[in-house]
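A, B, ... follow the sequence lines: proteins, then strands. Residue 1 opens every chain.
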There are 2 protein chains.
Amino acid sequence: MDMHEVPRAEPPHPAQDVFEHVGYRLKQAHAALRGAMDAVLREHALTVPQYSCLEVLAARPGLSNAELARATFVTRQSMNVVLRGLQSAGLLSRPDTVATGRARPTTLTDEGRRRLRAAQRDVYAVEARMVSALPAGRLEALLTDLGRVTRALHDDHPDHAGALGEPGT
Amino acid sequence: MDMHEVPRAEPPHPAQDVFEHVGYRLKQAHAALRGAMDAVLREHALTVPQYSCLEVLAARPGLSNAELARATFVTRQSMNVVLRGLQSAGLLSRPDTVATGRARPTTLTDEGRRRLRAAQRDVYAVEARMVSALPAGRLEALLTDLGRVTRALHDDHPDHAGALGEPGT
DNA sequence: AGTTCAATGTCAGAACCTTGACATATTCGA
DNA sequence: TCGAATATGTCAAGGTTCTGACATTGAACT
């Protein structure tokens with residue numbers, strides 16, 4: 001263990017108690033969010049990856065399979081099966097052939113937009129529950145710090161860093 | 001951002017941009033952490049659930065299968081296969097029979113403690129990278145806010161809430 | 001006691017996601 | 001121009017996790 005305590009110099013060491021590590025708390029919060037979203041989306045016959053796909057697609061129409069995969073933090077292969085399912089359900093459409101390149105731009109159908117809107121009502125209630133649990137002004141700090149943590153992790157693992165939603169500064 | 005920020009009522013609505021939602025940022029940070037830990041633990045021949053199990057077990061010796069599952073945010077069934085693997089690898093031990101009840105208390109073996117210590121060196125470097133990315137004093141705020149978010153989500157989904165690592169206040 | 005209830009451990013099946021690989025298409029540089 | 005590097009879509013195989021179900025055990029209640 002430690003030779004002796006560092007005199008409260010705010011050391012960048014992990015806390016002694018595992019349950020107060022940033023990683024543990026992050027995992028805990030994510031698990032809670034996942035569970036809440038699973039429960040809510042079940043009534044809409046949508047999985048979390050499916051919903052995430054629709055949500056991102058509504059914000060950035062025309063994204064390709066690989067781009068959607070990066071934006072939702074899954075592999076291209078996983079997103080491929082998600083897209084097949086959503087396409088066969090009539091919630092989105094992709095051109096069978098494309099003028100140039102291999103990437104096929106994906107767009108929501110009217111039915112897809114309808115289903116997304118219905119699900120958003122419940123999912124946004126979950127989001128609102130998280131936001132309202134934070135003291136005034138702390139939301140922005142939380143978002144900023146989560147961004148810092150993400151960037152710090154990507155710095156040493158520059159796989160698909162700097163995807164969507166990464167603030168410039 | 002804006003210099004003249006009026007002390008508005010800070011509405012608990014989700015942001016317009018999906019990529020600035022708390023849920024999205026949480027998922028993003030978790031994915032980055034998961035990737036970093038995966039990469040680091042691969043050299044120790046451990047998966048993230050396996051490492052989590054060892055870590056929790058070191059902090060709370062004698063936990064049962066179900067308790068470990070709750071502490072690491074997986075189902076009993078998943079933890080069961082993790083425990084089987086770790087047991088057959090000789091990293092932990094469980095009594096075949098128990099005096100009372102059904103729960104079998106799990107404890108690390110010496111080899112388990114050794115492997116955990118080796119892996120911790122690398123995992124704690126990841127944790128330190130996250131912590132050092134935060135401005136001074138913001139670590140505690142981040143932990144607190146993540147706790148608030150978790151509690152808020154559990155309030156409406158009181159499945160296995162109040163597990164380990166939940167601060168009393 | 002006897003019964004209901006909750007919690008635990010486990011089995012079986014399905015669903016999910018990942019790693020690895022390959023073919024195709026664009027871009028870039030020698 | 002041609003080849004290397006990069007990016008995309010897709011297939012195949014494996015591992016992981018979850019949902020659903022059941023038996024067992026202890027606790028709570030009547």
So if I take the C1' atoms of five pairs at each end of the helix from dA1(C)-dT30(D) to dA30(C)-dT1(D) and get each local axis, what angle do the two axes make, rounded to 10 degrees? 30°
Mind checking ring pair (Phe, Tyr, Trp, His ring centres under 6.0 Å) for His21(A) and listing every partner two or more places apart, or none if nothing turns up? Tyr124(B)
Of all residues at least two apart in sequence or in a different chain, which pass the ring pair (Phe, Tyr, Trp, His ring centres under 6.0 Å) check with His30(B)? His30(A)
Go through residues 80-93 of chain B and report each residue with a non-hydrogen atom lying under 4.0 Å from DNA chain C, sorted by number. Asn80(B), Arg84(B)
Strictly under 3.5 Å: I want the nitrogen or oxygen pairs between protein and nucleotides 21-25 of chain D, one per line.
unit_1, atom_1, unit_2, atom_2, d
dA23(D), N3, Arg102(B), NH1, 3.4

Ignoring hydrogens and geometry beyond distance, is a side-chain donor-acceptor pair present between Ser64(B) and Glu67(B) at under 3.5 Å? yes
Are [X] and [Y] close enough that some pair of their side-chain heavy atoms sits under 4.5 Å apart?
{"X": "Leu153(B)", "Y": "Met130(A)", "value": "yes"}
{"X": "Asp38(A)", "Y": "Val48(A)", "value": "yes"}
{"X": "Leu92(B)", "Y": "Thr107(B)", "value": "no"}

For atom [atom1] of [X] and atom [atom2] of [N], their distance in whole Å:
{"X": "Met79(B)", "N": "dT17(D)", "atom1": "CE", "atom2": "P", "result": "9 Å"}
{"X": "Lys27(B)", "N": "dC17(C)", "atom1": "NZ", "atom2": "P", "result": "9 Å"}
{"X": "Leu46(A)", "N": "dA15(C)", "atom1": "CG", "atom2": "C1'", "result": "16 Å"}
{"X": "Leu41(B)", "N": "dT19(C)", "atom1": "CG", "atom2": "C1'", "result": "17 Å"}

For the backbone of [Y] and the side chain of [X], can you confirm whether one donor and one acceptor N or O come within less than 3.5 Å of each other?
{"X": "Thr106(B)", "Y": "Leu63(B)", "result": "yes"}
{"X": "Glu55(B)", "Y": "Val18(A)", "result": "no"}
{"X": "Glu127(A)", "Y": "Gly23(B)", "result": "yes"}
{"X": "Arg25(B)", "Y": "Phe19(B)", "result": "yes"}

Under the side chain to side chain contact (heavy atoms under 4.5 Å, CB included) test, which residues partner Ala119(A), sequence neighbours left out? Leu41(A), His44(A), Leu46(A), Tyr51(A)
Could you check Asp38(A) against Asn65(A) and say which one's nearest nucleotide on DNA chain D is further toward the 5' end? Asn65(A)
Check the phosphate of [N] against [X], side-chain N and O only, distance under 4.0 Å to OP1 or OP2. Yes or no?
{"X": "Ser78(B)", "N": "dC18(D)", "result": "yes"}
{"X": "Arg34(A)", "N": "dT17(D)", "result": "no"}
{"X": "Thr75(B)", "N": "dT17(D)", "result": "no"}

Which residue, Arg104(B) or Pro49(A), contacts DNA chain C at a nucleotide closer to its 5' end, judged by nearest heavy atom? Arg104(B)
